[in-house]
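Presented below is the structure to which this report refers.
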Amino acid sequence: MKKQELLQGMRDSIPIVLGYFPLGFAFGVLAVQVGLSIFQAGLMSILCFTGAGQYIAIGVMQAGGAVVTAILANILVNLRYFLFATSMVPHFKDLPAVPASLLSYGLTDETYAVAINRYQTKPATIAYMAGLNLTSHLAWITSTFIGAALGMLITNTDQYGFGFALPAMYTCLMVLMISKKSDIIAAICGALACLLMGYFFPESMANMSNIIIATLVGATIGVMIHEYD
Amino acid sequence: MSTTSIFIMIFGVSLVSLLPRILPIALLSRLTFPPLMIRWLSYVAPAVLGALTALSVLAPQGRIDISAGNLFIWAFIPTLFSAIKTRSLFITLIVGILSMALLYNLV
């Protein structure tokens with residue numbers, strides 16, 4: 001049973017692995033160009049596991065910014081996970097708290113999207129979380145190391161279409177997540193809020209605060225129209 | 001940045017990126033939320049996925065690009081169609097990646 005859950009988690013992480021590879025690879029390449037050693041680039045992916053946050057941190061480094069700036073930017077970028085994790089809480093009620101909390105370190109946009117879909121029909125288990133989160137993280141770490149080590153050799157991965165792995169995954173998970181009209185409206189409002197915010201306040205695109213606003217707007221509208229559904 | 005600064009940065013970023021994911025589960029998982037809160041939280045996922053899908057397709061390079069030159073928009077059409085038709089993540093992923101590869105190499 002446990003083994004099955006673990007394997008299912010690993011299987012469900014395949015699209016994430018495909019999507020992370022080019023991203024982690026590119027991070028490794030950039031990190032080394034900016035002056036990190038291969039070890040430091042890999043260590044960052046081991047300890048941080050925050051795609052956008054890591055890109056921003058080395059961007060700050062490249063611009064000659066301070067350590068504090070990189071950390072402050074990351075507080076902002078990672079704030080949305082507070083919301084994501086809180087929305088997991090009702091599904092984790094029957095799980096042992098310590099492993100559930102520890103494994104939640106691996107909550108990302110992608111693992112969240114996959115896991116919350118699964119928990120609509122199946123109960124959450126520690127084994128499933130471990131399979132999903134650890135495999136995804138391993139792909140992130142491995143691709144960073146490969147990118148950092150071989151960065152100079154390979155330049156263009158766009159032609160293989162892997163750049164569309166994560167958008168395709170989001171699209172499908174969004175479709176699967178929609179079971180009633182109010183879900184569609186919450187999704188559309190989230191999308192619009194996110195784009196409008198990004199359009200009028202471009203800096204919100206960089207620090208991803210537009211996703212926080214979009215989540216608050218979409219979920220609030222969803223709950224408001226819930227009873228009319 | 002000096003080597004020391006780099007390590008401080010890595011540990012600092014690690015702390016602020018992992019705590020917001022771990023703390024809610026660690027602190028709140030024994031609480032029972034009121035029904036309205038649970039309902040609100042159940043709409044977080046559709047809202048987040050709507051936002052992430054829109055951003056990943058309409059702003060693939062980090063800035064909004066709603067134009068015919070944005071290949072992600074074209075690849076999105078068969079991808080959405082196959083997601084609705086098959087409801088299979090695997091098939092959707094294959095369709096998405098192949099569409100993108102074709103568009104990239106042909107257009």
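Predicted model only: the values in this text are computed from it and were never measured.
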Legend entry - Contact leader toward chain B among A:G53, A:G19, A:G65, A:S182, where contacts are heavy-atom pairs under 4.5 Å: A:S182
Legend entry - Any A:L166 side-chain heavy atom under 4.5 Å of B:S56 side chain: no
Inset, instruction - Let me know if B:T86 has heavy atoms under 4.5 Å from chain A in its side chain, its backbone, both or neither. - result: neither
Legend entry - Part of B:I6 lying under 4.5 Å from any heavy atom of chain A: side chain
Legend entry - Part of B:L52 within contact of chain A (heavy atom distance under 4.5 Å): both
Legend entry - Contacting moiety of A:A52, where chain B heavy atoms sit under 4.5 Å: neither
Legend entry - Best-contacting candidate, A:G218, A:G190, A:S101, against chain B by heavy atom pairs under 4.5 angstrom: A:S101
Legend entry - Part of A:L173 within contact of chain B (heavy atom distance under 4.5 Å): both
Legend entry - Largest heavy-atom contact set with chain B, pairs under 4.5 Å, which of A:D109, A:L195, A:I116, A:L36: A:L195
Inset, instruction - Heavy-atom distances under 4.5 Å only: say whether A:F49 touches chain B with side chain, backbone, both or neither. - result: both
Inset, instruction - Report the C-alpha separation of A:Y112 and B:V44 in whole Å, then their side-chain angles, then the decisive distance to 0.1 Å, and conclude whether the side-chain contact (heavy atoms from CB on, under 4.5 Å) test is met. - result: CA-CA 11 Å; A:Y112 172 76; B:V44 164; 3.5 Å; yes
Legend entry - Residue part contacting chain B, namely of A:P99, when any heavy atom lies under 4.5 Å: neither
Legend entry - chain B contact via A:P15 - side chain, backbone, both or neither, heavy atoms under 4.5 Å: both
Legend entry - Test item: B:L31 and A:V89 side chains (from C-beta on) under 4.5 Å apart, heavy atoms: no
Inset, instruction - Measure A:M169 against the heavy atoms of chain B and call it side chain, backbone, both or neither at under 4.5 Å. - result: both
Inset, instruction - Report yes if some heavy atom in the side chain of A:L18 is under 4.5 Å from a heavy atom in the side chain of B:I97; otherwise report no. - result: yes
Inset, instruction - Report yes if the side chains of B:F33 and A:T86 come closer than 4.5 Å at any heavy-atom pair, otherwise no. - result: yes
Inset, instruction - Kindly indicate, with the supporting measurements, whether the criterion side-chain contact (heavy atoms from CB on, under 4.5 Å) is fulfilled by B:V48 and A:L83. - result: CA-CA 10 Å; B:V48 168; A:L83 213 53; over 6 Å; no
